[in-house]
Amino acid sequence: MTEPRVDRSGGLVGREDELALLDRVLQDARQSRGGTVCVTGEPGIGKTRLAGEAITLARETGMTVLKGRCIATGPAVPYRSLTEALLSLARAGGAPPTDALGPYLPVLGRLVPEWAIGDACDRSPIVLAEAVLRLAAACGRERGCLLVIDDLHDADPETLAVLEYLAANLALLPVAVVATLRDTPGAAHELADTLAQRGEAGLLRLGRLEAAQVHVLTANCLGCPPAELPVAVSDRVLADSSGIPFTAAELIRGMRAEGRLVRTEGRWRLVGTSRAAIPFTLVRAVEQRAERLGPQTLPLLSAAAVLGRSFPLSVARRCAVPDDHEPAGSLRSAVVDGLLVPDDERGPDWYAFEHPLTQEALLDRLTPADRAELADRAVAAMNELDPSLPGPWCLLAARMHGQAGDRRTAAVRYLEVARRALAGHGPGTAIAVLHEARSALGPVDGSDIHLPDDAVPAGVRRELLETLLLALADDGRLDRATEVAQQLRRADVEADPGRRVELHVRLAWAAQVAGQWDVGLEQVRAARELLPEGAGARDTAGIDVVEAYLMVSTAEQGRIGRSEQLARRAIEGAEQRGDHALACQAWYAMGFATRGRSLAESDRCFRRTLRMAAESRQVSWHNHGLIGLGSNAWLAEADLDGLHHAHQEAMRTGCVSLAHNVGATLALDAVLRADYDRATALLDGSRAETERLQLHSVTRYALMVGAVAAAHRARRPQLRAALARFRTSGGNESREAPLVLGLAELFCALLEEDHEQAAELAARLAAAVPPDEENYFHLAGSHGLVLLLSVLAGRADWAEVERITASQAGRMRWNRQFVGLARAVLYGREGRPAEAVAACRTAQADAAIFPTARHLGLRLVADAAVADGWGEVRDWLTEAETYFHHSGAGAIAAACRSRLRSLGASVGQRRTGTDRIPAELVALGVTLREYDVFCLLVERVGNKAVAARLQISPRTAEKHIASLIGKTNSATRAQLCDFVADFLAAR
C-alpha cells in the first residue's frame with residue numbers, strides 16, 4: 001500500500017514535485033525496491049536543502065539515515081563521506097549487524113576503526129562497496145535505510161566507485177541512495193549520466209526559481225504572508241539573484257542590513273533603486289556580512305577561502321593574522337551567523353563554509369597576488385604547526401605551494417600524498433592526486449621527464465610517473481599501467497635499475513591477479529633484463545616469487561618443477577632480505593608446487609607459511625596457510641575439518657575473496673558426495689556475489705562446480721547451459737578446464753552409457769593432462785577414472801597402474817577408488833579372484849562417501865568381473881540400478897537392468913518414477929521410457945545411438961520416437977528434436 005506523502009511545500013519553495021519524487025523513492029525502499037537518485041544543479045540551487053527534506057521524511061517514517069559529505073580538500077582521504085556516514089551510525093549507538101555482515105564487518109573497520117578486528121581484511125574497493133551495501137541493507141531491513149552523499153562533485157574516486165556499485169545492486173534491497181552534485185563537467189557528473197543511461201539511477205535536475213516562487217521565498221525569509229509583500233521587492237530579488245535560492249537569501253539579508261529593505265507601517269518596502277550585477281552582488285553581500293561580524297572576520301574568512309571549502313582553523317588564523325592575536329569571537333560570530341560550520345569529522349580544528357558560493361564569493365574579491373600571498377603564509381603556518389603535514393594537510397600544502405608559485409615543492413608534496421594514498425589502499429585517489437599534479441605542474445608522462453632546469457626536477461617527475469604506474473597497477477588498469485611502463489622505460493634510461501625492477505614486479509603481480517599470465521611473464525622477462533650480471537637470490541627474490549605463481553598457469557613443459565625451483569630461490573632471497581611477507585608468499589608457492597609430488601612436503605611448506613605469518617602478524621598469509629593445509633587434508637582423505645576452520649578464519653578476519661575460494665571448494669566436495677542441496681546452497685549464496693565483486697577466478701571455479709553438479713545428475717540440458725556459461729567466462733583457457741573435461745563431460749557421458757563419447761573425452765584428457773606430477777589437476781581423472789577406462793579397454797597394464805598408485809595424486813581418496821578398481825580388473829584377468837575381490841572391497845571403502853562415483857565404478861567393472869569370475873556382480877548392479885533410478889540417471893539405470901536380465905536375474909519393469917516426467921508431458925501421455933528417449937533427442941542422435949544408450953533394440957527406439965512425434969504434434973523427427981530442445985531449454 002502506498003503511504004500518504006507529507007506536504008512540505010511551505011518549508012521548501014518551488015520543489016514540491018521534486019520532494020514528491022524523493023518521497024516515492026523512500027516508499028519504494030521501505031518495500032525493498034531500492035534505488036538511487038542523483039540531484040544535480042548549479043551552486044546554490046537547493047540540492048542540499050532538498051536532500052535535507054528527504055532526510056526528515058525518512059526519519060519520520062522510521063528509516064535509518066546515513067549521511068556523509070564530500071569535501072574539496074580531498075581527495076587525500078579515500079571514502080571520506082562514507083566514513084562520515086558510518087560514523088554517524090556508530091555515534092548513535094548503532095551496533096553493526098554482525099549476523100548480516102559476516103566477513104564484511106572487518107572490511108568496514110577500514111571506515112569505522114572500532115569495528116576493525118585486525119588488518120587482514122580484503123582491501124579491494126569492490127569488497128568494501130559490498131560491505132557498505134550489506135550494512136545499509138541490514139540497517140534497513142525493518143523500515144528501510146536512506147544513504148545521502150552530499151557534494152558528490154568533490155568525491156574521491158573510491159567513493160564514486162562505491163556509489164556505482166551500490167546503484168547497480170539496490171533493486172531488491174530496502175535502501176535508497178540520494179547523491180547531490182553540481183551540474184558541471186567532472187567525474188561525478190559523468191558517473192551520474194552513466195548510471196542514468198543504464199537505468200540504475202534517476203537524475204533530478206533542479207532549475208532556477210520563477211517569479212512567483214521567488215516571491216514566496218522572499219516572504220518566507222522576511223516572515224510575512226506572500227500576499228502582504230509588495231511584488232516590487234521580490235522582483236528586485238529575482239533580478240539580482242537570477243532565481244538561485246541561496247543567492248536570493250543572501251541578497252535579502254544584505255538588503256536588510258544595508259537599509260535598502262525596511263519595514264514601515266507593517267509592510268516591507270525598497271529604499272533606493274541601485275542594482276549590481278551577479279556575481280558582484282553576492283560578493284558584496286557576503287563581504288558586508290563578514291564586516292559586520294568584526295574587523296578580523298573578513299581577513300580570517302578570506303584566508304580560509306584560499307585554503308578551501310573545508311580548512312584547519314589554526315592555519316587560517318595564522319594566514320589572516322600572523323601575530324596570532326585574532327580573537328575567538330570572530331570565529332564564533334561566523335558560526336552563529338551561518339557562514340561557517342564545524343567539520344566534526346575532520347576534528348576540532350576543522351571548519352567548513354556552510355555553502356560553496358560563500359567561499360567562491362570571498363575568493364572573487366581577492367586578486368591573484370592576494371591569493372599567492374595568503375597561500376605562502378599558509379605553507380609557512382603548516383610547516384610551523386606540524387612539519388609532518390599529517391592527513392589532508394599534505395595535499396593542502398601541495399596546493400598552496402602551487403598557488404604561491406613554488407612548483408618544485410608542490411611536486412614533492414603531491415608525490416607524498418600519492419604515496420600515502422597507495423599505502424592506505426587508495427589507488428584511485430593516488431591516480432586522482434597525480435592527475436591534479438599534472439594540471440598544476442604540467443603533463444606527468446614519459447615524454448616530459450627531462451625538462452629545463454627551472455622546471456620541476458627530472459627526478460621528481462620520474463618518481464611521479466613511477467607512482468602513477470604503481471597506482472594504475474593496483475587499481476587493475478593493467479593496459480594503461482603497461483603503457484606508462486613502456487614510456488618510462490624508453491625515456492628514463494638514467495633511473496635506478498633496482499627501482500625499475502620493482503615496477504616490473506608490481507606489474508607482473510597485477511597481471512597474475514588479472515589472469516593475464518602472458519603479460520605477467522613479459523614483465524618478469526623485462527625485470528630480469530635489468531638485473532646486474534651475477535645477481536643473487538636476494539636480488540631476484542621478488543621476481544622469482546611472482547614467476548613461481550605465474551608458471552603454474554602456463555602450458556610449458558616442466559612448469560611445476562620450474563615453479564618449485566623459483567619458490568626455493570625466492571625463500572632464500574626473502575630470508576636474506578628479512579622480508580617476512582615475501583617469505584610467506586614464497587613458502588605458499590612452494591607448498592602449492594610440491595602438492596603433486598608429496599602432500600607431506602606440501603604440508604611442511606604450508607605450516608612454515610603459518611608459522612612465519614604468525615610471527616610477523618601477516619594475518620592474510622596465515623589464512624592462506626590454513627587453506628593450503630585444509631585443501632591437502634581434503635585431497636588426501638576428503639577430511640573437511642581443516643577447510644571448515646580455514647573458511648571460518650577467513651570469514652572472521654574479513655578475507656572475503658579467500659572465504660569465497662574455500663566455499664567453492666566445499667561446494668565441489670558436496671557435489672562429489674552427491675549432497676546437491678548443500679552444493680546448491682553454497683553456490684547460490686556466492687556466485688552472484690563473486691560476480692559483483694569481480695572475483696573472476698572464484699566465479700569460474702563456481703561455474704565449473706555447477707557443471708560438475710549437472711553432470712553427476714546426468715542432466716544434459718543443464719550441463720550444456722553450465723558449459724556455455726563456463727566457456728563464456730574464459731573457462732577454456734583457465735586452470736579449471738581439465739576439471740570440467742574430466743569431472744563433468746566425461747562423467748556425464750558415462751552416466752548416459754555413451755561409451756564412444758567417453759572414450760574420446762578420456763583420450764583428450766589424457767593428452768591434455770598426463771598423469772605425472774607436472775600438473776595440479778589432481779582430480780580431473782588422469783590419476784583415477786581415465787586409468788580405469790584404459791585398463792578396461794586393454795590400453796593400460798600393471799606398470800601404468802603401479803606408477804599411478806605410487807604417485808601422490810594416485811593416493812588421493814577420490815582417485816584411489818578408481819585405481820583400486822583398476823587393480824581388481826587386472827587381478828581378475830590374471831585369474832586371481834581373491835585379490836580382485838580384496839582390491840574391489842578396498843576401492844568401495846574409499847568410495848563410500850562418493851555414492852555416484854561408487855555405483856558408476858561398479859557398473860563399469862561389472863562386465864570384466866563377470867567375464868573373469870569374481871565379485872558379487874548381481875548385488876552391485878541391483879544396488880546401482882536402484883540408486884541411479886531414484887537419482888534420475890535413466891540411461892545407466894536401464895543398462896543395469898539389462899545386464900541383470902542377461903545374468904538371469906529377475907528384474908521388474910520400472911514403471912514407477914513418473915514423477916520425473918514434467919507435468920506438460922504427462923498431460924500429453926508420454927510414458928517413462930518415452931521420456932528417457934525424449935531427453936536423448938536433444939542431442940539429435942540416431943535411433944541406433946538411442947537404443948545403445950538405453951539398452952533397448954533399435955526397433956523399440958524407433959517405436960518410441962514415432963509415438964513421441966504423434967503426442968507432440970510434430971510433423972517430422974527433426975521437428976520433434978526442435979520441440980525437445982526448446983522444451984528442455986525453457987526448464
Side-chain angles (χ1 to χ4, degrees), residues 738 741-743 745-772 775 777 779-807 809-812 814-844 846-847 853-874 876-877 880 891-892 895-896 898-900 902-903 944-945 947-949 951:
L741 184 61
L743 283 178
E745 294 186 81
L746 175 57
F747 228 83
C748 191
L750 291 171
L751 291 177
E752 292 174 335
E753 290 287 311
D754 190 344
H755 294 285
E756 183 177 344
Q757 184 188 22
E760 178 186 341
L761 291 167
R764 283 172 50 195
L765 186 60
V769 188
D772 54 33
N775 70 75
F777 305 115
L779 306 187
S782 295
H783 300 87
L785 181 56
V786 173
L787 173 68
L788 174 59
L789 295 176
S790 297
V791 167
L792 289 170
R795 293 190 300 271
D797 55 15
W798 273 112
E800 181 68 5
V801 170
E802 295 297 354
R803 187 175 72 82
I804 291 182
T805 300
S807 71
R811 296 196 298 274
M812 294 176 181
W814 173 260
N815 292 327
R816 288 203 311 260
Q817 59 181 323
F818 300 113
V819 174
L821 291 175
R823 298 178 69 86
V825 171
L826 291 178
Y827 278 130
R829 286 180 185 167
E830 293 180 351
R832 299 159 66 182
E835 288 96 327
V837 169
C840 185
R841 285 176 180 167
T842 300
Q844 289 184 70
D846 287 326
R854 174 174 175 267
H855 291 108
L856 172 63
L858 291 175
R859 159 67 188 122
L860 291 174
V861 302
D863 289 347
V866 170
D868 297 324
W870 61 272
E872 300 169 348
V873 179
R874 289 191 181 187
W876 301 346
L877 292 177
I892 194 170
C896 290
S898 177
R899 193 69 181 97
L900 282 168
S902 72
L903 295 175
K944 289 184 178 180
R949 288 164 67 173
Q951 298 289 312

Novice: Does the side chain of L860 come within less than 4.5 Å of L821's, by heavy atoms?
Specialist: no
Novice: Could you report the tightest heavy-atom contact between A809 and N815, atom names first, then the distance?
Specialist: O-ND2, 2.9 Å
Novice: Testing the basics here: between V873 and A862, what is the closest heavy-atom pair and its distance to 0.1 Å?
Specialist: CG1-CB, 3.9 Å
Novice: Just so I know, are the side chains of S782 and L787 near enough to count as touching, which here means a heavy-atom distance under 4.5 Å?
Specialist: no
Novice: For C840 versus W876, what's the shortest heavy-atom pair and its separation?
Specialist: SG-CZ2, 3.6 Å
Novice: To check you understand the geometry: which heavy-atom pair defines the closest contact between A762 and L746, and what is its length?
Specialist: N-CD1, 4.2 Å
Novice: Nearest 0.5 Å, please: how far is CG in L856 from CD1 in I892?
Specialist: 5.0 Å
Novice: Just one of L743, D846, L785 clears the side chain to side chain contact (heavy atoms under 4.5 Å, CB included) bar with W814, so which one?
Specialist: L743
Novice: Do L858 and Q844 have side chains that get closer than 4.5 Å, going by heavy atoms?
Specialist: yes
Novice: Rounded to the nearest 0.5 Å, how far does CD of E800 lie from OG1 of T805?
Specialist: 9.5 Å
Novice: Are any of the side-chain heavy atoms of H755 and L750 separated by less than 4.5 Å?
Specialist: yes
Novice: Show every donor-acceptor pair shorter than 3.5 Å between a side-chain atom in residues 823-833 and any protein atom, with sequence neighbours excluded, or say none if there are none.
Specialist:
residue : atom : partner : partner atom : Å
R823    : NH1  : E802    : OE1          : 3.3
R823    : NH1  : E802    : OE2          : 3.2
R823    : NH2  : E802    : OE2          : 3.4
R829    : NH1  : V791    : O            : 2.9
R829    : NH2  : V791    : O            : 2.8
R829    : NH2  : L792    : O            : 3.2
E830    : OE1  : R832    : NH1          : 2.7
E830    : OE2  : W798    : NE1          : 2.6
R832    : NE   : E835    : OE2          : 3.4

Novice: Using side-chain heavy atoms (C-beta onward) and a distance below 4.5 Å, is R859 in contact with L877?
Specialist: yes
Novice: Considering only residues two or more places apart or on different chains, which pairs with a residue in residues 784-797 satisfy side chain to side chain donor-acceptor pair (under 3.5 Å)?
Specialist: none
Novice: Quick one: closest heavy-atom pair of Q757 and A749, and the distance?
Specialist: OE1-CB, 3.6 Å
Novice: Looking only at non-hydrogen atoms, find the nearest pair between A853 and F818 and report the distance.
Specialist: CB-CZ, 3.9 Å
Novice: Any side chain to side chain donor-acceptor pair (under 3.5 Å) pairs touching residues 862-872, not counting sequence neighbours?
Specialist: D863-R899
